[in-house]
Peer 1: 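Here you go, one structure.
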Amino acid sequence: MDILDTVGQVLLAPSSLTEQQLHDILSRTVSPVVDYADIYCQAVHFESWLLEDGIVKDGHFSIDQGVGVRAVAGEKSGLAYSNDISLAAITHSAQSAQSIAHSAQSLYLPDWKIQHPVRRYAALDPLGSLSDPDKIALLQNADRHARSLDPRVKEVNISLAGQHELVLIANSEGTVVGDIRPLVRFSVSVIVESHGRRESGNAGGGGRSDYAILFEGNRALKYVDEAVRLALLNLEARPAPAGSMPVVLGPGWPGVLLHEAIGHGLEGDFNRKGTSAFSGRMGERVASTLCTVVDDGTLADRRGSLTCDDEGTPTQCTVLIEKGILKNYLLDRLNAKLMGMTPTGNG
């Protein structure tokens, strides 16, 4: 079954909604004043498991769903949402969102252009890919493995989480797109102790797949190995010297530091409003010639990748800084339009 058909069966069919009804609602929402509108339907199934010292201490399962409607007039956005994905709820939300600008005249909405962006992951349901007893066995096996690696391992905490998300996005430009987004995460934290000194180590990973990836090449146990290795390394580490010095960052979590340092400053809204250090500096040198920064949402099966963003724009590989030169910003539809630029799939 086509992705859009599958998503429609989950999000629209229970309330007997049709894509044509969404089209009609958007037709009534856009006007000479409201120049863009979209509808975002979503359902998320989420579970998590936590094992502490060999015992399952916490288990969580939730189902969330709803619909949001946005109407854009110039720089203003009207937003309304409902947990009820029904014709009445979406119609009421659209009327509320439209209230940012009043106009009795509707504009012509083009026929649907069904989008089929390049898929970056399989349409899987992680939650059903492994039985509950097998999920617990995975956690317990990882706990035993951690303790078998070194007698100095004193505490082990392991978590497992999975998410199955379905979205349907329709907008007043005539675009309709669906996406099924699996996501799994495995995390392990250990505490080691020797001669009264205690240190910790953490490792983990995941991606847009099902739980099977944790068994490929003993991936889950390799995360455990890494957590124990880091904890033991910390146990022998000497205090860091004080003062200014060069710092070399490896791959992985240091990317968060880059994100906080310049990522937000490269977002379109801050640059459009002139509040970023990068505002008006396109084409200028903003970093060392050794520095190239790329935002890539197209890497297959990766945790940070998407087939399309939440506005239905296919994700892209965007070069932001190339050899120190500012090349682009992170842009959603609104800021791209107001800046005369092209969306980068970051909405």
Side-chain angles (χ1 to χ4, degrees), residues 35-36 38 40 42 68 70-79 100 117 120 165 167 169 171 173 179 181 183 185 202 204-208 240 242-300 302-347:
D35 46 41
Y36 175 83
D38 55 22
Y40 181 87
Q42 177 189 43
R70 176 176 60 163
V72 178
E75 295 187 12
K76 299 187 297 181
S77 294
L79 302 168
I100 61 169
R120 307 301 177 182
E165 179 182 13
V167 299
I169 306 152
N171 66 39
E173 295 179 355
D179 195 15
R181 302 169 174 174
L183 185 64
R185 173 74 183 173
N202 302 275
R208 295 199 175 277
S244 299
M245 62 195 70
V247 176
V248 178
L249 301 177
W253 286 112
V256 176
L257 182 60
L258 178 71
H259 167 76
E260 297 299 338
I262 67 170
H264 289 296
L266 290 169
E267 292 170 2
D269 52 351
F270 293 122
N271 287 281
R272 176 175 61 82
K273 297 173 183 177
T275 58
S276 168
F278 300 103
S279 297
R281 300 189 64 186
M282 193 71 70
E284 294 184 14
R285 182 170 304 283
V286 297
S288 162
T289 56
L290 300 175
C291 180
T292 294
V293 179
V294 177
D295 174 76
D296 193 350
T298 69
L299 302 176
R302 298 300 291 271
R303 189 182 183 198
S305 295
L306 286 173
T307 295
C308 63
D309 68 8
D310 285 345
E311 296 180 318
T313 304
T315 51
Q316 302 171 26
C317 178
T318 305
V319 178
L320 300 168
I321 298 173
E322 185 175 23
K323 297 181 179 179
I325 304 298
L326 180 62
K327 293 291 187 177
N328 210 340
Y329 299 126
L330 299 170
L331 297 164
D332 62 357
R333 287 177 177 268
L334 172 62
N335 288 287
K337 179 178 180 179
L338 294 173
M339 297 172 73
M341 300 179 71
T342 302
T344 57
N346 294 99

Peer 1: Yes or no on side-chain contact (heavy atoms from CB on, under 4.5 Å) for Arg333 and Thr313, after CA distance, side-chain angles and deciding distance?
Peer 2: CA-CA 8 Å; Arg333 287 177 177 268; Thr313 304; 3.6 Å; yes

Peer 1: Do Asp38 and Tyr36 have a side chain donor and acceptor closer than 3.5 Å?
Peer 2: yes

Peer 1: Can you tell if the side chain of Asp296 reaches within under 4.5 Å of the side chain of Gln316, non-hydrogen atoms only?
Peer 2: no

Peer 1: Quick check: closest heavy atoms across Ser279 and Asn271, and the distance to 0.1 Å?
Peer 2: N-OD1, 3.1 Å

Peer 1: Got a second to check how far Tyr329's OH is from Met339's CE, nearest 0.5 Å?
Peer 2: 5.5 Å

Peer 1: To the nearest 0.5 Å, what is the distance between CZ (Arg70) and CG (Leu334)?
Peer 2: 7.0 Å

Peer 1: Would you say that Thr318 contacts Thr344 through its side chain, given a criterion of any heavy-atom pair below 4.5 Å between the two side chains?
Peer 2: yes

Peer 1: Assess whether a salt bridge exists between Asp310 and Arg181, defined as any Lys/Arg side-chain N lying under 4.0 Å from an Asp/Glu carboxylate O.
Peer 2: yes

Peer 1: Does Cys317 reach the side chain of Val294, with side-chain heavy atoms less than 4.5 Å apart?
Peer 2: yes

Peer 1: In the structure I gave you, are the side-chain heavy atoms of Pro314 and Thr307 within less than 4.5 Å of one another anywhere?
Peer 2: no

Peer 1: Do we see a donor-acceptor contact under 3.5 Å between the side chains of Asp309 and Asn346?
Peer 2: no

Peer 1: Tell me the closest heavy-atom pair linking Leu249 and Pro254, and the distance in Å.
Peer 2: CB-CB, 3.7 Å

Peer 1: In Å, rounded to the nearest 0.5 Å, how long is the span from NZ of Lys327 to CG of Leu266?
Peer 2: 14.0 Å

Peer 1: For Arg185, does the CZ atom have more than 12 heavy-atom neighbours from other residues, nucleotides or ligands under 6.0 Å away?
Peer 2: yes

Peer 1: Can you tell if the side chain of Gln42 reaches within under 4.5 Å of the side chain of Glu165, non-hydrogen atoms only?
Peer 2: yes

Peer 1: For the backbone of Arg208 and the side chain of Arg303, can you confirm whether one donor and one acceptor N or O come within less than 3.5 Å of each other?
Peer 2: no

Peer 1: Using every non-hydrogen atom in the two residues, find where Val319 and Asn328 come nearest and quote the distance to one decimal.
Peer 2: O-CB, 3.5 Å

Peer 1: How far does CZ of Arg272 sit from CG of Asn335, to the nearest 0.5 angstrom?
Peer 2: 4.5 Å

Peer 1: With rounding to the nearest 0.5 Å, note down the distance linking CD1 in Ile325 to CZ in Arg285.
Peer 2: 4.0 Å

Peer 1: Show the nearest heavy-atom pair for residues Pro117 and Cys308, with the distance to one decimal.
Peer 2: CG-CB, 4.5 Å

Peer 1: Within a strict 4.5 Å, meaning less than it, do heavy atoms of the Arg120 and Leu306 side chains meet?
Peer 2: no

Peer 1: Closest approach of Tyr40 and Val167, non-hydrogen atoms and distance?
Peer 2: OH-CG1, 3.2 Å

Peer 1: Using modelled atom types only, decide if a donor and an acceptor are shared between the side chain of Thr315 and the backbone of Gly297 within a distance under 3.5 Å.
Peer 2: yes

Peer 1: Under a 4.5 Å cut-off applied to non-hydrogen side-chain atoms, are Val293 and Leu258 in contact?
Peer 2: yes

Peer 1: Roughly how far, to the nearest 0.5 Å, is NE2 of His264 from CZ of Phe270?
Peer 2: 7.5 Å

Peer 1: A side-chain contact here means heavy atoms from C-beta on lying under 4.5 Å apart; do Ile321 and Thr292 qualify?
Peer 2: no

